[in-house]
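All figures in this text were calculated on a predicted structure; none of them were measured in a lab. Computed over heavy atoms, backbone and side chain alike; hydrogens, waters and symmetry mates excluded. Below, chain A is the first sequence line, B the second, and so on; all start at residue 1.
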2 protein chains.
Amino acid sequence: MPNADSFKRGTVEIAVLAVLREEDLYGYQIVQRIAEKSDGFFTLPLGTLYPVLYRFVESGYISDRDEIVGKRLRKYYHLEASGKDYYAALLAEYRKTARGVELITRGCESDET
Amino acid sequence: MPNADSFKRGTVEIAVLAVLREEDLYGYQIVQRIAEKSDGFFTLPLGTLYPVLYRFVESGYISDRDEIVGKRLRKYYHLEASGKDYYAALLAEYRKTARGVELITRGCESDET
DNA sequence: GTTAATATCTTGCGTCGCAAAATATATATT
DNA sequence: AATATATATTTTGCGACGCAAGATATTAAC
């Protein structure tokens, strides 16, 4: 196997933006939502999520606001217009790569001799 | 955009193994063949290819033999049985990830408001 | 004879997913 | 009441790999 995370490069960004398209969410919730929607395939650890969120905030793709629930801080993240554009570009690029893989593997299915 | 190579992580291995499934090839030829088959999408530089080949030889997935053409050395690479298995595993894993992306982006198409 | 294509190989950089750990509150178990 | 588990944010540092860049040498084109 290649490194387990090889194929996931970039898909984490797609996943985060995808769930934020639907609703503002806080970090912990983002992880859960992604796990649900991807049928348990993407189970990103928080150490993966937060750096992505910070990068996105700095890039202006998302914004954050604090809410206090009980004594607990929740930082909600909101997808901005530029983030939607970025998401569209990412998704297009991912699919282009996926098509490339299909092309290159055509006639080389793993079950052929 | 994410780093241009993000989505290509791991796909280079798939591409190399895919073209070697069909025929023994030498390095320079592998790059050309991959470019043809992928319709120009994968244009891997030789600095990317060779380390992959060396890794594969060391893993036993491929073997190499020298051939002298004129005064020029050509190192042909041959896919071994374990390499075929590895290829099958890789491709399955890639498609699993691609399905995950489709799931997570379902209902979040980039053209929706 | 000079340029361009062919061919192999090496060095080093940057990115990013993740493990691991630190910190703190809330809920459930006993 | 004490303990364990779930909730929640944050930081540090590692490892893998695609690539740019460059070194070296042969062959073909002009």
Side-chain angles (χ1 to χ4, degrees), chain A residues 1-17 25-35 38 41-59 62 64-77 90 93-94 97 100-101 104, chain B residues 1-17 25-35 38 41-59 62 64-77 90 93-94 97 100-101 104:
Chain A
M1 278 292 193
N3 239 358
D5 64 357
S6 272
F7 296 135
K8 294 197 171 162
R9 289 263 165 160
T11 64
V12 171
E13 293 199 355
I14 292 178
V16 170
L17 295 173
L25 300 166
Y26 55 94
Y28 197 84
Q29 206 176 10
I30 291 174
V31 169
Q32 294 176 317
R33 196 61 63 89
I34 288 175
S38 74
F41 181 74
F42 293 117
T43 54
L44 44 141
L46 294 161
T48 298
L49 176 69
Y50 284 104
V52 173
L53 291 176
Y54 303 153
R55 250 169 30 229
F56 281 169
V57 169
E58 194 160 3
S59 306
I62 64 178
D64 59 343
R65 69 172 190 280
D66 291 340
E67 281 191 23
I68 308 292
V69 180
K71 279 184 184 176
R72 171 169 295 174
L73 174 74
R74 276 183 187 162
K75 204 166 252 179
Y76 278 88
Y77 294 93
L90 268 188
E93 188 65 24
Y94 183 81
T97 305
V101 170
I104 207 72
Chain B
M1 277 293 191
N3 239 359
D5 65 355
S6 271
F7 296 136
K8 294 196 171 163
R9 291 265 164 158
T11 64
V12 171
E13 294 201 354
I14 291 178
V16 170
L17 296 173
L25 300 166
Y26 56 94
Y28 197 83
Q29 205 176 11
I30 290 174
V31 168
Q32 294 176 318
R33 195 62 61 87
I34 286 175
S38 74
F41 181 74
F42 292 116
T43 56
L44 42 142
L46 294 161
T48 298
L49 176 69
Y50 284 105
V52 174
L53 291 176
Y54 302 154
R55 246 167 37 226
F56 281 169
V57 170
E58 194 160 5
S59 306
I62 64 179
D64 58 343
R65 69 171 189 280
D66 291 339
E67 282 192 21
I68 309 292
V69 180
K71 279 186 185 175
R72 173 168 293 174
L73 175 74
R74 277 183 187 162
K75 205 166 250 180
Y76 279 87
Y77 294 93
L90 268 188
E93 188 64 25
Y94 183 82
T97 306
V101 170
I104 207 74

Walk me through it: do A/F41 and A/K8 pass the test side-chain contact (heavy atoms from CB on, under 4.5 Å)? CA-CA 11 Å; A/F41 181 74; A/K8 294 197 171 162; 3.9 Å; yes
Working for side-chain contact (heavy atoms from CB on, under 4.5 Å), residues A/R74 and A/Y28: CA-CA 9 Å; A/R74 276 183 187 162; A/Y28 197 84; over 6 Å; no
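Going from atom OG1 of A/T97 over to atom CG of B/D5 covers 10.5 Å, rounded to the nearest 0.5 Å.
One interatomic measurement links the two molecules: CZ of B/R74 to C1' of C/dT6, which rounds to 8 Å at whole-angstrom precision. Regarding A/Y28, its OH atom lies at a distance of 14 Å from the C1' atom of C/dA24, rounded to whole Å. As a whole-Å value, the separation of A/E67 CD from D/dT9 P is 12 Å. A/L53 has its CG atom 15 Å from the P atom of D/dA8, to the nearest Å. The CG-C1' distance, from A/D66 to D/dT10, rounds to 13 Å in whole Å. Computed from coordinates, the A/Q29 CD to D/dA8 P distance equals 8 Å when rounded to whole Å. Atom CD1 of A/I68 is separated from atom P of C/dA24 by 15 Å (rounded to the nearest Å). Atom CZ of B/F7 is separated from atom P of C/dC16 by 10 Å (rounded to the nearest Å).
Remark: A/Y26 is not in phosphate contact with D/dT9, judged by side-chain N or O atoms under 4.0 Å from OP1 or OP2. The phosphate of D/dA8 (OP1 or OP2) has no side-chain N or O of A/K71 nearer than 4.0 angstrom. Here A/Y50 does not reach the OP1 or OP2 of D/dT10: none of its side-chain N or O atoms lies under 4.0 Å away. Within the 4.0 Å cut-off from OP1 or OP2 of D/dT10, at least one side-chain nitrogen or oxygen of A/Y54 is found.
Interface remark: the A/R72 side chain does form a donor-acceptor pair with the D/dT7 base, using a distance-only criterion of under 3.5 Å.
Two residues are said to be in side-chain contact when any heavy atoms from C-beta on lie closer than 4.5 Å; A/V101 and B/F42 meet this criterion.
In this structure, A/F7 and B/Y94 have perpendicular ring planes: the angle between them is above 60°, well past the 30° mark.
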Table please: side-chain donor-acceptor pairs of residues 43-57 of chain B below 3.5 Å, with sequence neighbours left out.
residue: B/R55; atom: NH2; partner: B/E13; partner atom: OE2; Å: 2.4

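Summarising the geometry of A/G100 relative to B/S38, their closest heavy-atom pair is O-CB, 4.4 Å, with the distance given to 0.1 Å.
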Short heteroatom pairs, N/O only, protein and nucleotides 17-21 of chain C, under 3.5 Å:
residue: C/dG17; atom: OP1; partner: A/G10; partner atom: N; Å: 2.8
residue: C/dC18; atom: OP2; partner: A/T48; partner atom: OG1; Å: 3.3
residue: C/dC18; atom: N4; partner: A/G47; partner atom: O; Å: 3.4

